[in-house]
Amino acid sequence: MLVYIDGKFMAQAEAKISVFDHGLLYGDGVFEGIRSYRGRVFKLDEHLQRLYDSAKAIMLEIPLSIEEMQAAVLETLRRNNLYDAYIRLIVTRGVGDLGLDPDKCPVPTIIIITDKITLYPQHFYEEGLEIATVSTRRNYSEAISPRIKSLNYLNNILAKIEGKQAGVVEVLMLNAEGYVVECSGDNVFFIRNDVVVTPPTYVGILEGVTRNVVINLARELGLTVEERVFTRHDLYIADECFLTGTAAEVIPVVKIDRRVIGSGQPGTVTQKLIAEFRSATGVLGTPIYPDST
Ligand code: PMP
């Protein structure tokens with residue numbers, strides 16, 4: 001695979017950056033995880049907007065316009081002849097000295113890595129996931145906002161480690177007040193009495209692109225969707241629960257902290273949303289190869 005670094009395409013083995021890059025030294029940078037389905041990049045504009053919003057929040061000026069960045073992403077996919085792909089777009093503060101000062105990093109580093117997508121096993125979707133709450137709280141918004149998709153993912157990694165120790169593939173995280181926020185790499189939803197509920201952005205979540213697509217799909221299906229604060233108790237007594245994310249898409253949850261959710265099987269509304277989401281990925285998206293249909 002060819003990797004884009006600062007306007008050049010490099011073979012994977014040669015795709016290297018400086019040890020003085022503040023992305024490495026301090027996790028000082030932002031990123032996106034994006035997918036393409038059958039030759040179309042899903043919600044590329046939304047992902048690019050979030051990347052530029054994250055960069056703005058950390059006062060990192062990306063030296064490409066959004067249009068130029070879009071062209072670079074599409075060109076990387078074309079050079080690698082990819083149709084169904086995972087795209088990792090990274091912008092770091094760039095090369096500086098060993099101090100914290102971002103002003104010592106004059107030029108941000110831009111990296112685009114594309115690869116074939118590795119999918120979660122199909123049985124996760126058929127049987128549903130078991131998740132557990134971890135003691136690591138989601139970052140306090142006033143310290144480092146979870147809305148910023150920054151290169152510093154230690155908060156999520158520490159939660160993931162706890163989850164692995166507990167034998168679950170994804171974990172539920174609470175904010176400092178104890179309200180449910182999200183998972184280590186996914187947003188969370190529950191359904192009770194046909195109302196779809198997910199935490200609002202202000203409780204301290206990454207505003208997932210998939211989350212927003214699913215909210216719209218649910219509304220199009222005539223369901224009521226509420227963005228409101230809730231506790232673990234609301235999840236324990238839910239009829240259905242599911243997670244959303246670029247890699248996971250829409251994935252059912254059937255057990256939380258050893259409590260069986262609903263019937264213990266992926267719920268009917270969840271299954272409907274999985275189907276709707278999958279058909280949306282097939283038709284929507286920015287074409288990688290403009291001549292193709
Ligand atoms: N929350 C966190 C913490 C994430 O890292 C992600 C992305 N993997 C999500 C939610 C889901 O966001 P998206 O749907 O945009 O992938």
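Worth knowing before you read on, the calculation uses all heavy atoms, side chains too, and leaves out hydrogens, waters and symmetry mates. One-based numbering, in listed order, for ligands and for the atoms of each.
- Atom numbering of ligand 1 starts at 1 in the shown order; those under 4.0 Å from a heavy atom of Asn156 are 3 (C).
- For a threshold of 3.5 Å applied to N or O pairs, the pair formed by Glu182 and ligand 1 contains at least one separation below that value.
- With salt bridges taken as basic N to acidic carboxylate O contacts below 4.0 Å, none links Lys149 and Glu32.
- Among the atoms of Thr244, none of the N or O lies under 3.5 angstrom from an N or O of ligand 1.
- Close contacts of ligand 1 with Gly208, meaning ligand atoms under 4.0 Å from a residue heavy atom, involve 12 (O), 13 (P), 14 (O), 15 (O).
- Any N or O atom pair closer than 3.5 Å counts here, and Cys183 shares no such pair with ligand 1.
- Counting only heavy atoms of the protein, atom 7 (C) of ligand 1 lies nearest to Lys149 NZ, 3.4 Å.
- The closest side-chain heavy-atom distance from Ile62 to Leu51 is below 4.5 Å.
- Screening Phe42, Tyr37, Phe242 for a ring-ring contact (aromatic ring centres under 6.0 Å, His included) involving Phe277 leaves a single residue, Phe42.
- Other residues, nucleotides and ligands contribute more than 12 heavy atoms inside 6.0 Å of the NE2 atom of His123.
- Of all protein heavy atoms, the one closest to atom 5 (O) of ligand 1 is Tyr153 OH, 2.5 Å.
- For atom 8 (N) of ligand 1, the nearest non-hydrogen atom of the protein is Gly185 O, 3.0 Å.
- The number of heavy atoms from other shown groups lying within 6.0 Å of OH (Tyr26) is above 12.
- Residue Arg138 has at least one heavy-atom neighbour below 4.0 Å for each of these atoms of ligand 1: 3 (C).
- The hydrophobic clustering, which links ILVMFWY residues whose side-chain heavy atoms are closer than 4.5 Å, places Phe189 and Ile251 apart.
- Within the model, atoms CG of Leu129 and CD of Glu170 stand 8.0 Å from one another, a figure rounded to the nearest 0.5 Å.
- Ligand 1 has at least one atom lying under 4.0 Å from a heavy atom of Arg50.
- Close contacts between ligand 1 and Ser184 involve ligand atoms 3 (C) [criterion: under 4.0 Å to a heavy atom].
- Checking only distances, His47 never comes within under 3.5 Å of ligand 1, N or O to N or O.
- Proximity to Gly245 (heavy-atom distance under 4.0 Å) selects the following atoms of ligand 1: 11 (C), 14 (O), 16 (O).
- Other members of a hydrophobic cluster containing Met59 are absent, since no ILVMFWY side chain comes under 4.5 Å of it, directly or through relayed contacts.
- Ring geometry for Tyr289 against Tyr83 counts as parallel: the plane angle stays under 30°, on a 0 to 90° scale with 60° as the upper cut.
- Among all protein heavy atoms, the one lying closest to atom 11 (C) of ligand 1 is Asn187 OD1, 3.7 Å.
- Under 4.0 angstrom from ligand 1, there are no non-hydrogen atoms of Ala247.
- Protein heavy atom nearest atom 14 (O) of ligand 1, with residue, atom name and distance: Thr210 OG1, 2.5 Å.
- Although no hydrogens or angles enter the test, the distance criterion places no donor-acceptor pair under 3.5 Å between the side chain of Glu46 and the main chain of Val209.
- The contact set between ligand 1 and Thr246, taken as ligand atoms under 4.0 Å from a residue heavy atom, comprises 13 (P), 14 (O), 15 (O), 16 (O).
- A side-chain N or O of Thr231 and one of Asp234 form a donor-acceptor pair less than 3.5 Å apart.
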